[in-house]
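A quick write-up on the structure given underneath.
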Amino acid sequence: MPGPDLLSSQGLRLDGRRPNELRRIRCKMGVFTQPDGSAYLEQGNTKVLAAVYGPHQAAKSKSSTEGVVVNCQYSMATFSTGERKNRPRGDRKSQEMSLHLRQALTAAIKTELYPRSQIDVYVEVLQADGGAYCVCVNAATLALIDAGIPLRAYACACSASMAWHGGQPEPLVDVGHVEEAAGGVVLTVASLPSTENIALLEMSHRLHMDYFDVVLSRAMQGCRDIEVILDKAVREHLAEGWTKEDVVTI
Amino acid sequence: MADLLLSSTEKIFIVHGVQDDYRSDGRSNIDYRPMELETEVVSHASGSARLRLANTDVLVGVKTEIDTPKPDQPGLGKIEFFVDCSANATPEFEGRGGEQLANSISNMMQRAYQSSQAFELKQLCILEGKQCWKLYIDILILESGGNLYDAVSLAVKAALFNTRIPFVKAVLMDGGNVDLQLSDDPYDCKHLDVGCAPLLITLCKIGDKCVVDPSAEEESCSVISVVVGVTGNTKSYCSGKEIDSVKSLERKCSTIGMNGSGSLAPQTLQSAIMQGMVAAESLDEALGQALLRERQENVILKKHAYGFLK
């Protein structure tokens, strides 16, 4: 159980947010010209670039007649963390992240539309300040939309933690690096908020099952909030260069 | 890079243009395409810069660490280059695909920075023979649209210019062990002297002449290119009062390399190097002006980094 110090006596978190507040999300679609789709997304001080190539013909060994193969690579810039990293990718943590990313995105993509093909999704963490996986999923979703790949729903990811305030359990949404390092529970959920489905759920440290529902619902609420922001960003991006009247008729 | 199909007539058009010092996009043979540069984009690094030259996008982060100097060079600091070709640039770089290109760029940079006239490693010394700063210069290639060497060297120089190194407040000596106390105040720091840091200039041989900053079309007309590292002029990187106390240094060539399958006549090589020096001079001056202007804006206007949101 995390210490009570994650919340101040006024009920504010270490970085001054309220328990149900996300960090500031800023994003931009179409940052690069070479990939079929690309996006940049920052959530607080965590900054991620995502690029999508495809769908294109799959390599023979990977090809599947059932549906498209989603190929993900998660990589962190060597200067992204406080301590310098020696290798940007290939270590166990990045390989695990690549697999998790693939699982969340495969659930969102309409895979049956492109048999024998492959979609490459590459994410690059430029700056890591907690919740890198969540930001990667959100950025990858935007890049997939920019590439025009049919999705079932937005895939959004959000993390949640637990703290105590005045003897009452108080779940925290969108956990930052300081809160992660404090050693509390971190529940990461990747979901398709418009269908209320969970694509991936992961939890570290321990949590009493009595509180699981509260934390999970807070994380799901975070996913829904993120979806609203992403949806707004997509609409704004598509409306760029159009006049107001054009947008109304859409 | 995407394969480009040019007909022989199109190639002749490009070659003739280069002979007359008037290229198909209106530039002369030593002109660069417009570029965008921003410093201080990564807050976890001591210094950082992002450069976009046409379709090439490079992000450089400088991290500092305390290390012990080499026994044969007790008064010098250390500098290390690491290049990472992100798969964002092209799917070929996935996994270890970009390693060969990354190594060739980092070796070239290491060689160009080796000379004391290119970069003074003495300024990284803390305590002779005991402690020194080690600079990790991490270069991330986010999009590759040709002319990588030039873009990388420009971004590295800008990131080094932006690097802050904290002052050492106190040193405790306990037998052979040294314990340093660094200043906690982020403004209590020194900037590095990077005026003479080298820029790499790629000269692409087209016909009998060479051009800098070739476009993709021009690159497909060429079989060989020469890369020269040319040291900078400290005077372009000083502002206000300091400018009179610094004497202008002559530009020197700190490294030469060749890329491609073709071959060169010695005369062509010589003229290419001379041309590279001329191009480096104007480029270095322009970079100095841009960096000084940005530093001033950061102080006066308290500007926030745009990063990739622009």
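Throughout, a chain's letter reflects where its sequence line sits, starting with A, and its residues are numbered from 1.
Ranked by heavy-atom pairs under 4.5 Å with chain A, the first of S48(B), A45(B), A89(B) is A89(B). Between chain B and the options V121(A), V31(A), N71(A), heavy-atom pairs under 4.5 Å are most frequent for N71(A). Most heavy-atom pairs under 4.5 Å with chain B, from the set P35(A), S80(A), S75(A): that is S80(A).
For the pair R84(A) and F79(A), the cation-pi criterion (under 6.0 Å, within 45° of the ring axis) is not fulfilled.
Of the atoms belonging to A128(A), it is backbone heavy atoms, and not side-chain ones, that fall under 4.5 Å from chain B. Contacts between T81(A) and chain B at a heavy-atom distance below 4.5 Å involve the backbone alone (N, CA, C, O). Within the 4.5 angstrom heavy-atom criterion, no atom of R96(B) approaches chain A. Contacts of R89(A) with chain B are made by side-chain atoms alone, with heavy-atom separations under 4.5 Å and no backbone atom involved. For chain B, the nearby part of Y40(A) is the side chain; its heavy atoms alone come within less than 4.5 Å. Proximity to chain B is limited to the backbone of V123(A), based on heavy atoms less than 4.5 angstrom apart. Residue contact with chain A, scored on non-hydrogen atoms closer than 4.5 Å, involves the side chain of D84(B) exclusively. For a residue to count as touching a neighbouring chain, one of its non-hydrogen atoms must lie under 4.5 Å from one of that chain's; by this rule V41(B) touches chain A with the backbone only. If you measure heavy-atom distances from D57(B) to chain A, the contacts under 4.5 Å come from the side chain alone.
By the 30° and 60° cut-offs, the orientation of the rings of Y113(B) relative to F81(B) is tilted.
Across every non-hydrogen atom of S38(A) and D146(A), the tightest pair is N-OD2, 3.0 Å.
One finds a salt bridge joining D91(A) and K85(A) here, because a Lys/Arg side-chain nitrogen approaches an Asp/Glu carboxylate oxygen to under 4.0 Å. Checked for salt-bridge contact, R27(B) and D25(B) meet the test: a charged N lies under 4.0 Å from a carboxylate O.
More than 12 heavy atoms of other residues, nucleotides or ligands sit less than 6.0 Å from atom NZ of K190(B).
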| said: Before you tell me yes or no, could you show the steps for D129(A) and R23(A) under side-chain contact (heavy atoms from CB on, under 4.5 Å), namely the whole-Å CA-CA distance, both residues' side-chain angles and the distance that decides it to 0.1 Å? | reply: CA-CA 11 Å; D129(A) 188 46; R23(A) 291 175 284 180; 4.3 Å; yes
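Judged purely by atom type and a 3.5 angstrom limit, K134(B) has no side-chain atom pairing as donor or acceptor with the backbone of L124(B).
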